[in-house]
Number of protein chains: 2
Amino acid sequence: MEERSISDVIEAYLKSILGDDPKIEIRRAEIADHFDVVPSQINYVIKTRFNLQNGYLVQSKRGGGGYIRIERVNLLDDSDVLEMVIDSIGTAISEKDAIRIINTLYEEKLISHREGDLMLVAISKATLKQDDRRAEARLRARILVALLTRLRYE
Amino acid sequence: MEERSISDVIEAYLKSILGDDPKIEIRRAEIADHFDVVPSQINYVIKTRFNLQNGYLVQSKRGGGGYIRIERVNLLDDSDVLEMVIDSIGTAISEKDAIRIINTLYEEKLISHREGDLMLVAISKATLKQDDRRAEARLRARILVALLTRLRYE
DNA sequence: CCCTTCTTGACTAATCTTGACCTTAATGAT
DNA sequence: ATCATTAAGGTCAAGATTAGTCAAGAAGGG
């Protein structure tokens, strides 16, 4: 995977550390300094690449001895996590967030490449396009939740 | 092959790069600059020459480190059959007819049991339920067509 | 001439980067 | 104990950097 932006580089760096251990703790200022970016950029990377929909749990603490803890969660072993993902979808979801979830399912080997593609086309903007954007997001949520629920109880 | 327009030249250029690798990533502004055309011309070339019907998948990202990714995909043997099924669906389809089609796909071994289940969930009345029955049938047709279209390629 | 395809650019949208300002926690002085 | 200080991380919005859309006009081919 080509790293085009510094955010991509930081993402790859954090994931390389995560390769060893399923859980890491970093100090935000340290990472920011290492890549010569402002500290809030680390928040941006975490928010866009290490959220629950991507299969990560993040906790942090401020003040002296503060840290950011990133943990890779396994959707297979932890059926609660899949339920959390379903809950996080709620009654509406954007195409982008839905894609993120399906990608995670594939990376976690819960679904095959082809199954993932089928799910992707079923929830895609091109397929569901409606006049009312909110109606589209609600519909997408219903379909995705139905698909995930099916995966949960097979 | 006679290239009579700059769009043809750009098409040939992109395909020559694709000769090596089944997947390439370009920066729109770079290609546009190289051929001295406006950036949106690249979109035109991609839209008219690198769409799914022509056997190409295209993905892109905007913003810093943005790109356009073009991937060549292979048509499957059953592609023609699927196209005929797609044509028969038209713009609307009932749940019963959709189930019949998906069952046939499974019996013909075009899809696995699990893929069939996922497709069934995606087009089921329970998932798509709408006030307007015709709108529901139209939506179901769009989703089913999208799924079948995906099955035509690998 | 008419119709399709191509070319161009103004406007829009998504993503990334940066920095000012805010909140929380630990520590030490009184 | 209380409060000020210091040391973290959080939020948000503006600006920068790409790509996308759309429609008007030009160019080509019957």
Visitor: For Ile70(B) and dG20(D), give me the distance from atom CD1 to atom C1', rounded to whole Å.
Guide: 15 Å
Visitor: Give a yes or no on whether a salt bridge exists between Arg152(B) and Glu83(B), defined as a side-chain N under 4.0 angstrom from a carboxylate O.
Guide: yes
Visitor: Let me know the distance between CG of Asp8(A) and C1' of dT17(D), rounded to the nearest Å.
Guide: 14 Å
Visitor: Determine whether Tyr67(B) and Tyr44(B) fall in the same hydrophobic cluster, where Ile, Leu, Val, Met, Phe, Trp and Tyr are linked whenever their side-chain heavy atoms lie under 4.5 Å apart.
Guide: no
Visitor: Checking Arg114(A) now: which residues fulfil salt bridge (Lys or Arg N to Asp or Glu O under 4.0 Å) with it, not counting sequence neighbours?
Guide: Glu115(B)
Visitor: Does Tyr44(A) reach a base, just sugar-phosphate, or nothing at all? Heavy atoms under 4.0 Å.
Guide: base
Visitor: So which one's nearest nucleotide on DNA chain C is more toward 5', Val45(A) or Lys125(A)?
Guide: Lys125(A)
Visitor: Please give the remaining members of the hydrophobic cluster of Val81(B), linking ILVMFWY side chains under 4.5 Å, ordered by chain and number.
Guide: none
Visitor: To the nearest Å, how far apart are Ile46(A) CD1 and dA8(D) C1'?
Guide: 14 Å
Visitor: Are the charged groups of Glu95(A) and Arg100(A) less than 4.0 angstrom apart, N to O?
Guide: no
Visitor: Can you tell me how far the CD1 atom of Ile111(A) sits from the CG atom of Leu105(A), to the nearest 0.5 Å?
Guide: 4.5 Å
Visitor: Report the hydrophobic cluster partners of Phe35(B), with the cluster defined as I, L, V, M, F, W, Y residues connected by side-chain heavy atoms closer than 4.5 angstrom, directly or transitively.
Guide: Ile6(B), Val9(B), Ile10(B), Tyr13(B), Leu14(B), Ile17(B), Leu18(B), Ile24(B), Ile26(B), Ile31(B), Val37(B), Ile42(B), Val45(B), Ile46(B), Phe50(B), Tyr56(B), Val58(B), Ile68(B), Ile70(B)
Visitor: Look only at the side chain of Asn51(A) and the backbone of Lys47(A), and say whether a donor-acceptor pair between them is shorter than 3.5 Å.
Guide: yes
Visitor: For atom CZ of Arg133(B), is the number of surrounding heavy atoms from other residues, nucleotides or ligands below 6.0 Å larger than 12?
Guide: no
Visitor: Looking across every strand, which nucleic acid part, if any, lies under 4.0 Å from Ile42(A) by heavy atom: base, sugar-phosphate, or nothing?
Guide: nothing
Visitor: Using a heavy-atom cut-off of 4.0 Å to chain A, what are the terminal contacting nucleotides of DNA chain C, in 5' to 3' order?
Guide: dT15(C) to dA26(C)
Visitor: Each nucleotide in nucleotides 21-30 of chain D should get exactly one letter: B, S or -. Can you fill that in based on protein heavy atoms under 4.0 Å?
Guide: B---------
Visitor: Carefully, step by step, assess Ser7(A) and Gln41(A) under the rule side-chain hydrogen bond (donor to acceptor under 3.5 Å, both in side chains).
Guide: CA-CA 8 Å; Ser7(A) 287; Gln41(A) 176 118 29; 2.8 Å; yes
Visitor: Where along residues 97-106 of chain A does a heavy atom come under 4.0 Å from DNA chain D, residue by residue in number order?
Guide: none
Visitor: Looking across every strand, which nucleic acid part, if any, lies under 4.0 Å from Gly66(A) by heavy atom: base, sugar-phosphate, or nothing?
Guide: sugar-phosphate
Visitor: With DNA chain C as reference, determine whether Gln41(B) or Arg49(A) sits nearer its 5' end, using the nearest nucleotide of each.
Guide: Gln41(B)
Visitor: Give Arg69(B) one of three labels, base, sugar-phosphate or nothing, depending on what nucleic acid heavy atoms sit under 4.0 Å from its own.
Guide: nothing
Visitor: Look up atom CG in Leu82(B) and atom CG in Leu76(B), then write down how far apart they are to the nearest 0.5 Å.
Guide: 8.0 Å
